[in-house]
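So the structure is just underneath, and the comments pick up after that.
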Amino acid sequence: MTPLVSIENVDMRYGGPTGTLAVSGLNLKINRGEFVAVVGPSGCGKSTLMKLTTGLHIPQSGAVIVADAKVTKPVSIVGMAFQNPTMLPWRTTLENILLPLEIVERHRHRLRANKAEYVAKAEKLLETVGLKGFGEKFPWQLSGGMQQRANLCRALIHEPELLMLDEPFGALDAFTREELWCVIRDLHAAQGVTIVLVTHDLRESVFLADKVVVMSARPGRVISEHPVPFARPRQLDLLYEQPFNDMVQKLHSEIATARVAA
Amino acid sequence: MTPLVSIENVDMRYGGPTGTLAVSGLNLKINRGEFVAVVGPSGCGKSTLMKLTTGLHIPQSGAVIVADAKVTKPVSIVGMAFQNPTMLPWRTTLENILLPLEIVERHRHRLRANKAEYVAKAEKLLETVGLKGFGEKFPWQLSGGMQQRANLCRALIHEPELLMLDEPFGALDAFTREELWCVIRDLHAAQGVTIVLVTHDLRESVFLADKVVVMSARPGRVISEHPVPFARPRQLDLLYEQPFNDMVQKLHSEIATARVAA
Amino acid sequence: QTTDIKFTLDWRFEGPAAGFLLAQDKGYFADEGLNVTIDTGNGSVEAIPRVATGAYQMGFGDINSLIKFLDEDPSQPVKAVMMIYDKPVFSVIGRKSQGITDDPKSLEGKKLGAPPPDGAFAQWAAFKEVAGIDDSAITLESIGFPVREPMLASGDVDGVFGFAFSVILNLKANGVPDEDISTILFADHGLNLYGNAILANETFADENPEAVQGFLRALAKGFADAVADPAAGAAAVLARNETLNIDTETERLTMANEMNIKTPYVVENGFGGIDEARLDASIETLKVSMGLKGNVTGADVFDSQYLPPAEERMLP
Amino acid sequence: MTTLDPATPIAAAPRPVFKPNWVRLAPWLYTIGLFVLWEIGVRISGLPHTILPTPTRVFEAIIQYWSPIWKNSVQTLYTTVLGFMIAVVAGLGIGLFIGWSKAIYAGLYPIMVGFNAIPKVALVPILVIWFGIGTVPAVLTAFLISFFPIVVNVATGLATIEPETEDVLRALGAKKLDIMLKVGVPRSMPYFFGSLKVAITLAFVGSVVSETVASNSGLGNMMASAQSNFNVPLVFAGLLMLAVEGIAMYALMAWVEKRMTGWAHRSTMAN
Amino acid sequence: MTTLDPATPIAAAPRPVFKPNWVRLAPWLYTIGLFVLWEIGVRISGLPHTILPTPTRVFEAIIQYWSPIWKNSVQTLYTTVLGFMIAVVAGLGIGLFIGWSKAIYAGLYPIMVGFNAIPKVALVPILVIWFGIGTVPAVLTAFLISFFPIVVNVATGLATIEPETEDVLRALGAKKLDIMLKVGVPRSMPYFFGSLKVAITLAFVGSVVSETVASNSGLGNMMASAQSNFNVPLVFAGLLMLAVEGIAMYALMAWVEKRMTGWAHRSTMAN
Ligand SMILES: Nc1ncnc2c1ncn2[C@@H]1O[C@H](COP(=O)(O)OP(=O)(O)OP(=O)(O)O)[C@@H](O)[C@H]1O
Ligand SMILES: Nc1ncnc2c1ncn2[C@@H]1O[C@H](COP(=O)(O)OP(=O)(O)OP(=O)(O)O)[C@@H](O)[C@H]1O
Ligand SMILES: [Mg+2]
Ligand SMILES: [Mg+2]
């Protein structure tokens with residue numbers, strides 16, 4: 001089976017030939033159904049990697065291949081939670097979450113007729129992330145963490161094949177965060193969706209992912225990939241087990257070394 | 001000595017009498033030179049607390065007293081790093097960082113004559129947070145974590161008496177984060193500035209603060225205050241010491257309990 | 001079987017349009033089997049292209065401009081079919097207190113206000129020649145209609161070009177006393193031109209000769225009525241524009257009747273016809289004032305075949 | 001979308017002191033102030049009433065000629081609103097069209113600027129030849145004069161979409177038109193309404209200018225006829241009616257605007 | 001602020017195929033297309049050249065009357081630019097003033113809307129009585145007609161500042177004027193430039209209209225006399241010159257705009 005995503009020797013430079021070289025010589029393969037976590041120092045090109053994968057940016061050299069096709073324009077099988085929530089301020093939170101349904105081919109034709117069903121689904125999602133009753137609020141009436149959770153809902157609503165999450169839990173307290181870890185874990189288990197998660201939280205990456213990818217400082221490339229050995233389904237108890245913390249620790253010191261070397 | 005900030009029985013409701021009650025019965029005192037960390041679940045009113053203290057919101061009942069005066073309009077002794085970086089997109093990062101100097105009375109008259117000096121200072125700050133050479137970039141050319149660091153610089157540049165930091169390290173990787181902890185720690189030690197830090201990272205709060213304030217879920221109020229016993233100056237080694245981790249653990253479980261109770 | 005005719009006036013519904021409106025109101029057009037719509041115009045010049053393009057079948061416009069128009073493009077299907085203003089109203093109106101008398105020579109050395117689109121000003125070049133005026137010391141100020149009379153009233157200019165009946169009445173409205181107003185009518189000082197005439201689209205006229213004939217017959221009756229009873233004429237005008245003043249419009253109509261319509265020639269030969277020699281002579285004059293290329297003769301401009309017999313065109 | 005209360009808290013205890021609502025009173029106070037100034041100004045400067053009549057004289061004229069003023073106002077309002085509505089639709093359409101591609105933008109914009117630098121009154125005779133005098137040329141002139149501000153603001157709205165917001169839709173595989181309609185248009189709504197304020201006033205100017213030149217009715221025709229008779233108070237009565245109609249349309253749009261763009265007017269500054 | 005390259009990557013390998021730069025060519029292509037259409041349209045419809053001359057005839061007239069056209073164009077350009085510059089300053093000022101307080105907004109806005117619904121040509125006589133005929137009334141008319149779009153867009157820019165951005169400055173103890181100048185104005189720059197495009201065209205209309213009524217020179221005066229002589233090709237030559245001047249001013253502003261608002265035009269859509 002060919003990988004769902006295959007990034008081959010990609011260079012990406014912003015702002016013309018003299019601009020910032022964000023990633024260079026980037027190589028990464030993501031199999032169908034795999035859960036990949038990407039970690040790396042701030043500004044190393046993780047968000048860029050996400051945008052390359054979804055086709056929002058086209059690399060200057062190298063190729064990005066998603067679902068067996070070279071990416072030349074945005075691919076339509078993804079759900080993306082951007083690092084910055086960017087909600088549309090003229091829509092209520094619920095309307096924001098329904099947005100993908102108005103766009104994605106598969107749903108847009110059904111939306112008008114099945115509005116109630118979709119709204120119910122969105123409200124259920126909101127409840128899952130602890131935002132029950134906030135659908136009618138505008139996004140700017142939500143706190144930072146609440147916006148981030150709404151942003152997550154928007155990425156999930158249309159049940160994409162490939163889920164790209166760019167630091168989706170950064171603005172959340174430890175408990176809300178752990179709850180959402182479980183939500184994502186269950187989603188992955190139930191639907192076999194492929195997930196790419198960018199995070200700064202090594203425990204998060206180890207708890208959720210099948211493989212943790214470590215990126216170097218800018219210009220970013222993959223310096224190592226670590227398969228996560230823990231069996232699924234994983235419970236939160238895992239966080240307090242020794243092998244788990246050992247792996248986190250190992251990753252931690254590896255990054256520290258890589259950082260000094262860079 | 002009267003406290004620098006004194007929040008007395010404050011209620012704050014957004015959007016008119018039927019709107020969201022964000023904080024209710026909030027009480028907090030912050031002494032001059034103190035370093036206070038505020039933790040609490042997402043959406044509990046931490047950002048609201050920050051905005052009340054700086055006078056950006058005026059509470060419907062209760063009083064906020066800063067520097068012995070009741071707050072009725074924005075106070076001018078603060079430097080605030082908002083949760084959302086909100087840089088002005090038409091200014092370069094450096095110009096964004098210089099913004100407070102154009103506003104604050106003490107500096108604006110000196111700015112034109114001493115431009116070079118101030119620019120040098122801003123560039124030094126940029127270097128401290130690891131953004132050397134990015135001053136000429138526009139904020140939208142920076143990654144999420146870089147924007148957050150620039151945001152921090154903007155709060156520091158005019159050497160405010162009271163520094164309000166709303167999740168300033170949320171989008172940073174563990175190493176950058178630890179570096180900046182030390183920057184803030186040294187700043188506090190050197191200049192005796194009063195600091196209020198909102199964070200979701202309990203280790204961060206214990207490492208940096210003199211007092212950790214735990215807030216309840218919305219409507220937020222202070223449910224407990226924990227003095228941090230560790231002597232200053234604190235080194236990063238502290239993070240790996242048992243008493244430190246015990247305290248973090250204690251806070252953790254306390255919040256867990258409070259959360260279930262709420 | 002009625003024929004529709006869209007007719008454009010030279011100007012708004014004002015006293016001098018009474019003849020048209022009476023013909024309409026009294027049913028003279030209907031009697032001829034015509035269904036006539038009368039629209040206001042925006043100057044005696046603009047009526048010409050409206051008729052030439054067939055947007056309007058017939059209209060009321062300045063024959064001198066028509067000559068110029070056909071001189072520019074002789075292929076245009078428009079012709080005058082009936083003369084209404086036997087004597088044009090082109091004039092310079094001055095103020096005696098500013099030193100302008102009824103003598104054209106008194107204009108020398110004066111400052112005159114001239115709206116560029118004004119028909120009277122258009123004849124200035126020819127007039128100064130026939131009247132023997134030395135214009136070397138005359139200053140011409142280009143001023144628009146809205147400021148023409150106020151500037152004369154305030155003494156900013158000594159005289160203005162314009163149609164006598166409008167300017168005189170407007171000056172009075174601006175508070176200039178009657179005895180201070182001096183009128184130099186170009187026609188009284190050697191400028192032998194015709195004034196406004198009924199225009200017809202040639203294509204239409206060729207296809208509907210009876211309609212044009214009927215129209216002119218009805219019009220002759222209407223104008224006779226307006227001459228006989230200016231008050232009734234003014235009333236017909238006011239029925240269409242309530243904001244006017246009945247006395248002013250009666251006076252305006254009376255002035256038009258006396259100065260332009262009921263001239264000695266008309267009293268003798270009937271209303272509506274022309275003297276071909278005079279028309280040809282006026283074309284010569286226009287070569288001076290309007291710089292004609294010489295593409296037209298009187299016969300190209302005026303077609304008298306649709307006129308009713310002279311006895312039906314006598315004014316009371 | 002619904003009207004929004006601002007985030008500013010509302011004081012719990014009602015103040016017992018009488019405090020007039022300046023915001024509600026302001027339009028009236030300013031208008032009265034303007035008229036008083038005007039009256040005094042004219043009286044002092046001694047301008048003749050054939051140039052600038054006093055407001056009292058203008059009001060006299062309004063009462064005296066109420067019936068024709070009313071009839072003509074209705075006609076003008078009708079043509080204006082019709083022309084304006086066409087302009088809104090066309091302006092939105094052309095704006096989107098221009099936003100569509102850089103080549104269209106580069107090609108069409110200069111032409112439209114050039115076209116709009118031309119006084120529309122010069123085109124009325126051509127319209128008359130095609131459509132006769134009356135309502136049609138007035139509607140068309142109102143349209144021609146008023147669509148441009150709408151185009152400009154819609155096109156600017158589209159050109160300045162933040163790429164971050166754009167990416168949200170692009171990542172979903174949205175087509176260009178989707179992005180325009182779902183982001184560009186709503187995002188530029190406040191400016192769209194701003195442009196409507198400009199457009200409606202221009203539409204009035206357009207229909208009046210056309211009526212002046214080519215119509216048997218309407219305020220333009222009435223004022224032109226009054227002007228040529230030097231009934232200047234009536235001219236100003238017409239101008240006043242135009243202003244009133246303009247303000248009425250503005251009030252209508254301000255109401256719609258408030259309902260549609262509450263999300264954008266969250267600034268607490270203008271208090 | 002400097003011109004910015006968009007974030008879109010530039011392909012490393014230059015394509016060998018010749019590809020015309022449509023964006024650069026577009027204005028010329030569209031203009032030529034327009035003239036061709038116009039020529040064909042007139043020829044087919046058989047409109048007399050005294051109503052709508054063909055472009056070829058208009059160009060003949062331009063060559064024939066080049067000297068007066070040039071002199072009058074310069075005069076009109078001069079009055080227009082002067083009036084426009086006053087309008088920019090005043091528009092910015094009034095816009096800030098209106099953004100200052102809700103009461104001023106509520107009071108002044110309707111009056112301005114009313115004022116702008118009035119055809120400015122009705123005010124020219126008053127200006128002429130005060131200032132005589134010539135340059136001054138033309139400048140003033142250009143100003144009066146063109147400041148409103150600027151006011152509207154600046155005021156909208158101020159009214160729609162995001163409270164989040166506002167808070168950044170308010171937290172520093174910024175005064176209202178600081179917030180307006182540091183955030184409101186730069187933030188509404190793209191729309192400010194949009195309004196300038198509208199304003200400059202209106203300024204041309206204003207000065208031409210004023211010249212038509214009261215001036216011895218300028219394109220307005222020239223076109224009025226040409227019109228009364230049935231020299232319609234010359235009228236259209238004047239209109240064309242107006243359009244050209246309008247486009248020239250637009251190009252100038254587009255250039256300034258590009259330098260000033262690059263930050264806002266990051267959208268990748270219009271390609
Ligand atoms: N639009 C842009 N224009 C120019 N440079 C950019 C742009 N976006 C990102 N960059 C640059 O590309 C580099 C990588 O950015 P990216 O956003 O991918 O980092 P990141 O790994 O997501 O960092 P963070 O963890 O801080 O979000 C950075 O150095 C940044 O300055
Ligand atoms: N502008 C606003 N209008 C209406 N409600 C608001 C507004 N800002 C915040 N709120 C509400 O007030 C509550 C507290 O918000 P606040 O931003 O203070 O939370 P927080 O503790 O900072 O949360 P987080 O950790 O997610 O940033 C939330 O329920 C939010 O919905
Ligand atoms: Mg990132
Ligand atoms: Mg917050």
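Quantities reported herein were computed from a predicted structural model and do not represent experimental measurements. Here is the naming used below: chain letters follow the sequence lines, and residue numbers restart at 1 for every chain.
- Remark: B/Lys51 engages no residue in a side-chain hydrogen bond (donor to acceptor under 3.5 Å, both in side chains) (not counting sequence neighbours).
- Two residues are said to be in side-chain contact when any heavy atoms from C-beta on lie closer than 4.5 Å; B/Arg108 and E/Asp178 meet this criterion.
- In this structure, E/Asp167 CG and B/Thr86 OG1 are separated by 8.5 Å, a value rounded to the nearest 0.5 Å.
- Crowding of E/Tyr78 atom OH: a count of heavy atoms from other residues, nucleotides or ligands under 6.0 Å not exceeding 12.
- Both the backbone and the side chain of B/Leu56 come within contact range of chain E, with heavy atoms under 4.5 Å apart.
- Contact check for E/Lys175 versus B/Ile103: no side-chain heavy atoms found under the 4.5 Å cut-off.
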task: Could you please spell out the steps behind the side-chain contact (heavy atoms from CB on, under 4.5 Å) verdict for E/Glu164 and B/Phe82?
output: CA-CA 9 Å; E/Glu164 292 78 22; B/Phe82 290 87; over 6 Å; no
Just list the side-chain donor-acceptor pairs under 3.5 Å for residues 66-81 of chain B, sequence neighbours left out, or say none.
from, atom 1, to, atom 2, distance (Å)
B/Asp68, OD1, B/Thr2, OG1, 2.8

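- Heavy-atom pairs under 4.5 Å with chain E peak, among B/Pro160, B/Gly55, B/Pro100, B/Ala155, at B/Pro100.
- For the set E/Gly173, E/Ala174, E/Ala171, the count of heavy-atom pairs under 4.5 angstrom toward chain B peaks at E/Ala171.
- Taking 4.5 Å as the limit, some side-chain heavy atom of B/Arg91 sits within range of a side-chain heavy atom of E/Lys182.
- Listed by sequence position, the residues of residues 123-130 of chain B in contact with chain E number zero, using a 4.5 angstrom heavy-atom cutoff.
- Atoms CH2 and CE, on B/Trp90 and E/Met189 in that order, are 10.0 Å from each other to the nearest 0.5 Å.
- A heavy-atom distance below 4.5 Å is found between the side chains of E/Val168 and B/Arg154.
- The side chain to side chain contact (heavy atoms under 4.5 Å, CB included) test with E/Leu172 is passed by exactly one of B/Leu101, B/Thr54, B/Val104: B/Val104.
- For B/Lys132, the side-chain hydrogen bond (donor to acceptor under 3.5 Å, both in side chains) test picks out no residue, with sequence neighbours left out.
- Other residues, nucleotides and ligands contribute more than 12 heavy atoms inside 6.0 Å of the OH atom of E/Tyr30.
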